Q: 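Encoded as structure tokens, here's the structure I'll be asking about.
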Amino acid sequence: MARVILGVGAGIAAYKACELLRRLREAGHRVRVIPTPDALRFVGAPTWEALSGEPVATGVWTDVDEVPHVRLGQGADLIIVAPATADLLARAAAGMAPDLLTNTLLTARCPVVFAPAMHTEMWEHPATRANVETLRSRGVTVVDPAVGRLTGKDSGAGRLPEPATLYEIADQALSSGTDLRSSLASRRVLISAGGTREELDPVRFLGNWSTGRQGYAFARAAAARGAEVTLVAANVELPDPPGVKVVPVVSAREMHAAMLAEAVSADVIVMTAAVADYRPVTRSEEKIKKDAGPLDPIELTENPDILAGLSARRASDGPDGQVIVGFAAETDTDPGAAKAKLARKGCDFLVVNEVGNGLGFGAVDNEAVVLGSDGSRVPIPRGSKDELADAVLGLAAARIN
């Protein structure tokens, strides 16, 4: 059981923090809510106390004998602030401490996560951007806000990410036990996700069962570690991760072009997408009808090998120190075949995961063995796809750093 401080800023999105609190509590964590004084105008102290089972105070003069403005930060395993307003970010960046929350932030020696929420103009203001960069330079995680409907009729960047997303980020911070920003801060991470589709006619295609969940887990984990993340997503029906650039594609050739274009400036590349090995030589412009007579054999041609191509390009003109991670979803995890595939693909790591038995495509859990080009072999036990993503990124970060 971890000791979590949930800071709540004075924004309309404070009501979403109630759901985040519930998720943290259901996971078995002890959560102390510390709102700013004005945050209580949106959600009152009785609500926070009832949901957390802990007392709520906003100033440093409550229970002075326990020195809460020092003890709370010292004893916390994680502090997550949601929503974090522009004013709260500014005070944290400047080291100001007018209330219990900002005092607690100054005494914390644990991972700290800010989830900003504000109008787009405020988020994009140079002062706010400078404050965010200052906090990130100190090792603090500042999650980019989501894009969507804001207060009133406004829409844009500045929406608080959904509680489920914030819980996953909090869980990653607690699992790492260290500062997430220290490993991939200011690095560019390129990830592929989903399954490509090769059209036979306007209504049919050759494809696979990949849902993109593992790739999206990598995108969230990389963003939480401070990276600038680009996600090339093939036919994925999942919400875009906050702060991540998403490039939608359909076919293997479209993914090939997008990955080559984005790879030029990437420090880390993670190929989780299930790419079709073959495509039809021709595509019918009309639906192929059963009553039109016997169907001619479908002639196939090979698609480009994206992973091998990225490795080959790196060897000739890629960025210095670029780390490439490949995935191999197999029904037969023969060690010899996996090692041969690693050598053939030319990547730094090959994540070999077995498909079936509740693992792989569409499943919540995953497990794998990570083979390194240096001869290393790191097993990752069964767990969530977020846990696997964080473990693999840890290996990639160690290699690049």
Side-chain angles (χ1 to χ4, degrees), residues 189-219 229-238 240 244-266 268-285 287-288 296-318 322 324-331 337-338 340-353 355 360-362 366 368 385:
V189 176
L190 173 62
I191 300 164
S192 71
T196 61
R197 296 177 179 178
E198 310 303 325
E199 294 186 0
L200 291 166
D201 62 21
V203 298
R204 299 181 181 90
F205 60 86
L206 300 177
N208 55 69
W209 295 107
S210 178
T211 62
R213 292 183 183 277
Q214 186 64 77
Y216 275 55
F218 269 96
V229 184
T230 298
L231 180 62
V232 178
N235 311 297
V236 179
E237 297 181 1
L238 296 171
D240 293 349
V244 172
K245 174 186 174 183
V246 179
V247 180
V249 296
V250 176
S251 68
R253 284 181 291 178
E254 288 179 0
M255 175 168 282
H256 183 233
M259 292 296 292
L260 287 179
E262 297 287 347
V264 175
S265 58
V268 178
I269 299 174
V270 183
M271 276 290 303
T272 74
V275 182
D277 293 323
Y278 298 92
R279 68 180 185 275
V281 171
T282 60
R283 174 189 180 276
S284 173
E285 295 301 321
K287 178 183 175 181
I288 301 171
D296 292 333
I298 298 173
E299 185 180 357
L300 300 177
T301 187
E302 194 169 356
N303 275 322
D305 188 326
I306 301 176
L307 179 57
L310 290 169
S311 298
R313 179 172 176 173
R314 174 185 62 173
S316 60
D317 60 358
Q322 186 181 71
I324 299 179
V325 180
F327 261 69
E330 303 287 354
T331 55
K341 189 169 190 176
L342 171 64
R344 189 169 64 253
K345 297 294 185 180
C347 51
D348 299 284
F349 297 101
L350 186 68
V351 183
V352 184
N353 62 306
V355 177
F361 297 147
N366 208 349
K385 291 187 174 180

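Keep in mind that what you see is a predicted model, and the values were worked out from it rather than measured. In what follows, every heavy atom counts, from backbone to side chain, and hydrogens, waters and symmetry copies are set aside. Note that the numbering runs from 1 along the sequence shown for the chain.
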Q: What are the two closest non-hydrogen atoms of Asp305 and Ala308, and how far apart are they?
A: OD1-N, 3.0 Å

Q: What's the spacing between Asp277 CG and Thr301 OG1 if we round to 0.5 Å?
A: 12.0 Å

Q: Which atoms form the tightest heavy-atom contact between Ala233 and Val246, and what is the distance?
A: CB-CG1, 4.2 Å

Q: Between the main-chain N or O of Gln322 and the side-chain N or O of Arg314, is there a donor-acceptor pair closer than 3.5 Å?
A: yes

Q: So, for Gly212 and Val236, which heavy atoms are closest and what is the spacing to 0.1 Å?
A: CA-CG2, 4.1 Å

Q: Spell out, as yes or no, whether a donor-acceptor pair under 3.5 Å connects the side chain of Thr196 to the backbone of Ser251.
A: no

Q: How many angstroms lie between atom CD of Glu237 and atom OG1 of Thr211, to the nearest 0.5 angstrom?
A: 10.0 Å

Q: Checking the side chain of Asp201 only, and the main-chain atoms of Ser284 only, is there a donor and an acceptor separated by less than 3.5 Å?
A: no

Q: Report yes or no: does Asn208 contribute a side-chain atom to a donor-acceptor pair with the main-chain N or O of Ala274 at less than 3.5 Å?
A: yes

Q: What's the separation between atom CD1 in Ile298 and atom CG in Leu200, rounded to the nearest 0.5 Å?
A: 4.5 Å

Q: In this structure, which one of Gln214, Arg213, Lys385 forms a side chain to side chain donor-acceptor pair (under 3.5 Å) with Asn366?
A: Gln214

Q: Rounded to the nearest 0.5 Å, how far does CE of Met255 lie from CG of Leu260?
A: 11.5 Å

Q: Out of the candidates Val270, Val325, Val229, Leu231, only one should pair with Phe218 under the side chain to side chain contact (heavy atoms under 4.5 Å, CB included) rule; please name it.
A: Val270

Q: Side chains of Phe349 and Leu342, heavy atoms from C-beta outward: is any pair under 4.5 Å?
A: no

Q: State the CE-CZ distance between Met259 and Arg313, to the nearest 0.5 angstrom.
A: 11.0 Å

Q: Show, in sequence, the C-alpha distance, side-chain angles and deciding distance for Lys345 and Met271, and conclude whether the side-chain contact (heavy atoms from CB on, under 4.5 Å) test is met.
A: CA-CA 11 Å; Lys345 297 294 185 180; Met271 276 290 303; over 6 Å; no

Q: I need the Ile269 CD1 to Ile324 CD1 distance, nearest 0.5 Å.
A: 4.5 Å

Q: Tell me whether Asn235 contacts the main-chain N or O of Gly195 through its side chain, where contact means a donor paired with an acceptor under 3.5 Å.
A: yes

Q: Quick one, Tyr216 with Ile191, criterion side-chain contact (heavy atoms from CB on, under 4.5 Å). Give me CA distance, side-chain angles, the key distance, then yes/no.
A: CA-CA 8 Å; Tyr216 275 55; Ile191 300 164; over 6 Å; no

Q: Please check if the side chain of Glu198 supplies one atom and the backbone of Leu206 the other of a donor-acceptor pair under 3.5 Å.
A: no

Q: Taking all atoms of both residues into account, what is the closest heavy-atom pair of Gly215 and Thr272, and its distance?
A: CA-OG1, 3.2 Å

Q: Which heavy atom of Val232 sits nearest to which heavy atom of Ala258, and what is that distance?
A: CG1-CB, 4.0 Å

Q: Give the minimum heavy-atom separation between Ile306 and Ala252, together with the two atoms involved.
A: CD1-O, 3.8 Å

